[in-house]
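A short write-up of the structure that comes next.
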Amino acid sequence: MPGSIQSIERAAAVLRLLARGSGHHGLAEISASLGLPKGTAHGILRTLQRVEFVEQDHATGRYRLGAALLHLGTSYLDANELRSRSINWSDTLAARSGQEVRIGMHLDGAVLVVHHVFRPDDSMQTLGIGAMLPLHATALGKVLLAYDAELSDFARRRELTSLTRRTIVTPAALERVLAEVRASGWASESEECMPGEASIAAPIRAPGGLVVGAIGVSGAVDRICDPAGRPKPTLVRHVSFAAEAVSRELAA
C-alpha cells in the first residue's frame, strides 16, 4: 500500500490551524506554527486559495478559511434533514402566527420549498413542497441572497424578472434591500411575488453560523402587514424565534 501524501497532510494541517483561535493568521505565524519553510507554506496557501478553501485579507495579508470550504463543511445538510429538524418548530410557528409556513433552501438559482405547513384554518390551500420560488421576489429568497455573496452576485448578473408592479428589478435596489436584511436579521416582501400576498422570513444557520436555509410565514397582505404596509412586529418576532430554534436544533 502506498504511504501518505505529505503535501496533503501539510495542507490539512494549515486548514486545521486556520480553523482555530481567531481564524486569521499571517504567513510567518503559519510557517512557524507548523514548522514549515515560508516558501512551502506560501505555496500551500496559494494552492488552497485557488480552490477557494482559503482567503487572504488584502488589507492585512492574513489568511482565513474560504467560503468554498465552509459550504463543503455543511454539504451533509440535505433537504430531508433540514425538513426533519424543523418540522416541530414550523408547526409551532403556524399555530402561533396563524399563517402558513414555508422552509426553503437554495437550489439551481431559486428557492426550493422543502417543507410547508398549512395556515391553521379551514380555507382551501395547496401543498407547496417542491415548489421553486424566485430568490429576488420572496422573503425566503432575500434571506438566502443576503447571506451568500456568491449567490447574490449571481442573481444581480441575471435579469431580475418582474412578477408584479412592486417586484425589485434593478441590482442596485436589490443590494440595498439585502443590506437591510443583514442589518435587521430578517426579510420581508409585500406583493413583490404575487398581488395581494406578503411574507416574512429569517435565516436558519448551521453550526458555525453559515446560513443553510430560511423559514417564514406568508399570506394575505392584511394578515402579514399593518395598515401602513409594514410587517407586523409580532410576526417578525415569531419568525425570528422559530429560525433561532431550528438553528439550535441543527447544532444539537
Side-chain angles (χ1 to χ4, degrees), residues 86 89-106 110-111 113 115-121 123 125-126 128 131 133-149 151-152 155-156 160-205 209 211-248:
S86 58
W89 290 108
S90 55
D91 288 345
T92 300
L93 177 57
R96 288 177 175 173
S97 66
Q99 310 304 323
E100 64 179 300
V101 174
R102 290 187 176 93
I103 294 172
M105 61 190 303
H106 169 245
V111 181
V113 177
H115 189 52
H116 181 203
V117 181
F118 285 152
R119 186 171 58 253
D121 59 26
S123 62
Q125 300 175 66
T126 302
L133 307 177
L135 287 165
H136 68 292
T138 59
L140 292 173
K142 290 177 183 178
V143 167
L144 298 177
L145 288 171
Y147 295 99
D148 189 327
L151 183 60
S152 63
R156 287 194 297 269
L160 299 176
T161 305
S162 177
L163 303 172
T164 74
R165 63 182 181 82
R166 301 191 65 173
T167 305
I168 296 172
V169 293
T170 66
L174 179 60
E175 182 50 43
R176 285 195 296 271
V177 169
L178 298 184
E180 293 172 0
V181 173
R182 289 188 290 270
S184 65
W186 54 273
S188 67
E189 62 83 20
S190 178
E191 299 189 280
E192 294 177 36
C193 187
M194 294 187 64
E197 293 194 2
S199 61
I200 301 168
I204 296 173
R205 298 178 183 272
V211 173
V212 294
I215 184 170
V217 297
S218 59
V221 172
D222 60 354
R223 287 175 172 264
I224 303 297
C225 302
D226 63 20
R230 297 182 296 260
K232 294 180 179 179
T234 300
L235 290 180
V236 171
R237 288 194 295 271
H238 285 326
V239 170
S240 298
F241 181 85
E244 292 168 0
V246 176
S247 298
R248 289 194 299 270

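Computed over heavy atoms, backbone and side chain alike; hydrogens, waters and symmetry mates excluded.
- Taking both residues in full, the closest heavy atoms of Val239 and Leu93 are given as N-CD1, 3.9 Å, listed atom of the first, atom of the second, then distance.
- Leu163 is not listed as a side-chain neighbour of Glu192, based on a closest heavy-atom distance of 4.5 Å or more.
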Contacts under 3.5 angstrom, residues 229-238 side chains, donor-acceptor by atom type, not counting sequence neighbours:
residue, atom, partner, partner atom, Å
Arg230, NE, Asp226, OD2, 3.4
Lys232, NZ, Asp222, O, 3.2
Lys232, NZ, Arg223, O, 3.3
Thr234, OG1, Arg237, NH2, 3.3

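- We find the CZ-CG distance between Arg96 and Asp91 to be 12.0 Å, quoted to the nearest 0.5 Å.
- Between the NE2 atom of His136 and the CD atom of Glu189 there is a distance of 10.5 Å, given to the nearest 0.5 Å.
- Atom NE2 of His115 sits about 14.0 Å away from atom CH2 of Trp89, to the nearest 0.5 Å.
- You'll find the side chain of Val181 reaches within 4.5 Å of the side chain of Tyr147, heavy atoms only.
- Between the OG atom of Ser97 and the CD1 atom of Ile200 there is a distance of 9.0 Å, given to the nearest 0.5 Å.
- Salt bridge annotation for Arg102-Glu100: present, with a cationic side-chain nitrogen under 4.0 angstrom from a carboxylate oxygen.
- Across all their heavy atoms, Val169 and Leu160 have their closest contact at CG1-O, 3.5 Å.
- Among all heavy-atom pairs drawn from Thr164 and Thr167, the shortest one is N-OG1, 2.9 Å.
- Residues Thr138 and Pro134 are in side-chain contact: their nearest non-hydrogen atoms beyond the backbone lie under 4.5 Å apart.
- Minimum interatomic distance between Val111 and Gly104 (heavy atoms only, all atoms of both residues): CG1-CA, 3.9 Å.
- A distance of 5.0 Å separates CG in Leu151 from CG in Leu145, rounded to the nearest 0.5 Å.
- Side-chain contact between Val212 and Met105 is absent, with no heavy atoms from C-beta onward closer than 4.5 Å.
- For the ring pair (Phe, Tyr, Trp, His ring centres under 6.0 Å) test, residues two or more places apart in sequence or in another chain that qualify with His116 are Phe118.
- A pairwise comparison of heavy atoms in Ala202 and Ala243 identifies CB-CB, 3.6 Å as the closest pair.
- Between Arg182 and Glu175, at least one side-chain nitrogen of the basic residue sits less than 4.0 Å from a carboxylate oxygen of the acidic one, meeting the salt-bridge criterion.
- Looking at heavy atoms from C-beta onward, Val177 lies in side-chain contact with Lys142 at the 4.5 angstrom threshold.
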Practice item. Would you please test Ile103 and Val113 for side-chain contact (heavy atoms from CB on, under 4.5 Å) and show each step? Key: CA-CA 6 Å; Ile103 294 172; Val113 177; over 6 Å; no

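- Side-chain atoms of Glu191 come within 3.5 Å of backbone N or O of Gly196 as a donor-acceptor pair.
- Between Leu135 and Leu140, every side-chain heavy-atom pair lies at or beyond the 4.5 Å cut-off.
- Inter-residue side-chain proximity for Ser218 and Gln99 is flagged as unmet; no heavy-atom pair is nearer than 4.5 Å.
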Review point. Between Ile215 and Ser90, does a side-chain contact (heavy atoms from CB on, under 4.5 Å) hold up when you go through it step by step?
Key: CA-CA 8 Å; Ile215 184 170; Ser90 55; 4.3 Å; yes

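- Ala214 and Val143 make their closest contact through CB-CG1, 3.8 Å (heavy atoms, listed as atom of the first residue, atom of the second, distance).
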